[in-house]
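One is the number of the first residue; the rest follow in order along the sequence. In each ligand, atom 1 is the first atom listed, and ligand 1 is the first ligand listed.
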Amino acid sequence: MTLTDARLDELADHMHEAAMSASPVPMLSLSNDGLDEHTAYTLQRKLIGRRIEAGHRLVGMKMGLISKAKMQQMGVHSPIYGHLTADMLLENGGTLQKSAHCHPRVEPEIAFILGRDLEGPVSPAQALLAVEGVCAALEIIDSRYANFKFALADVVADNASSARFVLGDTVMHPADVELGNLGMVMEVDGKPVQIGSSAAIYDHPANSLAAQANMLAARGEKLHAGQIVLAGGATAAVALEAWQRVRLRVAQLGTASFSVEA
Ligand code: OOG
Ligand code: MG
């Protein structure tokens, strides 16, 4: 059964409302047979349209489920993408309000900042040519589904669990860092909770950027100069609690951090 455009609009309103009110909902796939991956991206586009209508600019994209650790943690084994809007950006060192989210988690990432438009099909090496800078990033994800459980189409229809993200202040040109193997240590209250490497990000973060451009190209879309692309979590995500201080240290790229309040 295919889902009508009117039904997809209804579902987009429903998922938008779940995000805005921080109230988890049952998985859409339980009651919408026609929700396949392709349809879920159409729904995601409508969902992000709701944020843009509310005055929030599109600032970039994110890849997800590109490391073994993340795939295993979530039980979903194919890469996905989501959209990032300006209101999702949390300043480095800023404060996250836990009650504004359902059950937020944090994961260590690398972000790309594009100097030029990037349109697939591209190879990882070609994709890197469009990059002006790379930096450390923390992504705060928050599934709008009960118990943080979902199937592939569900998470796509929930904008890939996107909630907030923090960018580090050190921005390097990709040619000046060993992008394929940067040590990454994520600390909570000064103690390491996840230790990894950028090598876990799709074997190399450039693979993630190329995959993003290529997945968009399959829908006739592209990345734009100035956009940010989060390359995906290098390790499993960690649940956040009020009053924690989270910091990511990445070799050659400095730190990104935030605090959690109730
Ligand atoms: C889906 C989003 C995954 C990543 O970096 O792997 C993601 C989720 O785990 O809820 O952002
Ligand atoms: Mg992520």
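Taking every heavy atom of F148 and a limit of under 4.0 angstrom, the matching atoms of ligand 1 come to 10 (O). Listed by atom number, the atoms of ligand 1 under 4.0 Å from G232 heavy atoms are 5 (O). Numbered from 1 in the order shown, with element, the atoms of ligand 1 that lie under 4.0 Å from a heavy atom of K62 read 2 (C), 7 (C), 11 (O). Listed by number with element, the atoms of ligand 1 under 4.0 Å from a non-hydrogen atom of I141 are 8 (C), 9 (O), 10 (O), 11 (O). Counting the atoms of ligand 1 from 1 in the order shown, those under 4.0 Å from a heavy atom of M74 are 9 (O).
The side chain of V155, and not its backbone, has at least one atom closer than 4.0 Å to an atom of ligand 1 (non-hydrogen atoms only; side chain from C-beta on). Neither the backbone nor the side chain of R105 comes within 4.0 Å of ligand 1, counting heavy atoms alone.
In this structure, A160 is part of the shell of residues with a heavy atom less than 4.0 angstrom from ligand 1. Remark: distances from the non-hydrogen atoms of M63 to ligand 1 include one below 4.0 Å. Using a 4.0 angstrom heavy-atom cutoff, E109 counts as in contact with ligand 1.
R50 has a carboxylate O that lies under 4.0 Å from a charged side-chain N of D9, or vice versa, which qualifies the two as a salt bridge. A salt bridge links E187 to R249: at least one charged side-chain nitrogen sits closer than 4.0 Å to a carboxylate oxygen. A salt bridge links K46 with D5; the closest basic N to acidic carboxylate O contact falls under 4.0 Å. Salt bridge annotation for D87-R51: present, with a cationic side-chain nitrogen under 4.0 angstrom from a carboxylate oxygen.
Of all protein N, O or S atoms, those under 2.8 Å from the Mg ion (ligand 2) number 3.
The closest protein non-hydrogen atom to atom 4 (C) of ligand 1 is E107 OE2, 3.1 Å. Atom 6 (O) of ligand 1 has its closest protein heavy atom at L65 N, 2.7 Å. Ranking protein heavy atoms by distance to atom 9 (O) of ligand 1, first place goes to K70 NZ, 2.8 Å.
Around atom 8 (C) of ligand 1, the closest heavy atom drawn from A237, S161, A69 belongs to S161.
Under the side-chain contact (heavy atoms from CB on, under 4.5 Å) rule, L138 has a single partner from E107, M186, E109, which is M186.
N214 contributes a side-chain N or O that, together with a main-chain N or O of V122, makes up a donor-acceptor pair within less than 3.5 Å. A distance-only check finds a donor-acceptor pair linking the side chain of N92 to the backbone of S257 [under 3.5 Å].
Counted within 6.0 Å of NE2 on H173, heavy atoms from surrounding residues, nucleotides or ligands total more than 12; the atom is thus considered enclosed.
Below 30°, between 30° and 60°, or above 60°: for Y41 and Y81 the angle between ring planes is below 30°, a parallel geometry.
At least one N/O-N/O distance between G233 and ligand 1 falls below 3.5 Å.
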